[in-house]
Amino acid sequence: DCYGGQMTDDSTLKSCMNTNPGYRGLTHPCKEEDGKFMPDLKYRYLTEDVPTGMCFNKGLGEILGVPMPMTDKVLAFAQEHIGLSIMVDGKMC
């Protein structure tokens, strides 16, 4: 409801994200490493959005008994790069 009418193509989630003017121009910051530009994995997309968004979803999935294998993979990747213990043996800490 918050974005109703703003997307030019709402046929799929991907097209909603790609045609929502609120997301236009957003990029992921990079940093230079060894003469190459790499994504800055300490940026807020991992350090803030994962603990406040994805962790809630994972916790809700655990409460409801819903397996979340893709979320588990993203959380495992994120905790490795942001130095935060999120899951142990596939369960929220």
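Fair warning: this is a prediction, and the values are worked out from it, not measured in the lab.
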Checking [X] side chain against [Y] main chain: does a donor-acceptor pair fall under 3.5 Å?
X	Y	value
E33	M38	no
K91	E62	no
Q6	P21	no

Is there a path of hydrophobic side-chain contacts, each under 4.5 Å between heavy atoms, that joins [X] and [Y]?
X	Y	value
L84	V88	no
F56	V66	yes
M92	L60	no
I82	L41	yes
M54	M68	no

Open item on the list: Apply the hydrophobic cluster definition, ILVMFWY joined by side-chain contacts under 4.5 Å directly or through others, and give me every member besides M70.
Closed with: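 When side chains under 4.5 Å apart are linked, M70 ends up in no cluster with other residues.
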[Y] and [X], any side-chain heavy atoms less than 4.5 Å apart:
X	Y	answer
C16	D9	no
I86	V50	yes
C30	D40	no

Task: R44: partners by side-chain contact (heavy atoms from CB on, under 4.5 Å), with sequence neighbours left out - done: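 Listed in chain order: T47, E48, D49.
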Open item on the list: Angle between ring planes, H28 versus Y43, binned at 30° and 60°: parallel, tilted or perpendicular?
Closed with: perpendicular
Nearest 0.5 Å, please: how far is [atom2] in [Y] from [atom1] in [X]?
X	Y	atom1	atom2	value
S85	Q79	OG	CD	5.5 Å
E80	L46	CD	CG	11.5 Å
K73	T71	NZ	OG1	11.0 Å
M7	N18	CE	CG	11.5 Å

- [ ] Tell me, please, which residues at least two apart from F77 pass ring-ring contact (aromatic ring centres under 6.0 Å, His included).
- [x]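 With neighbours one apart ignored, the set is H81.
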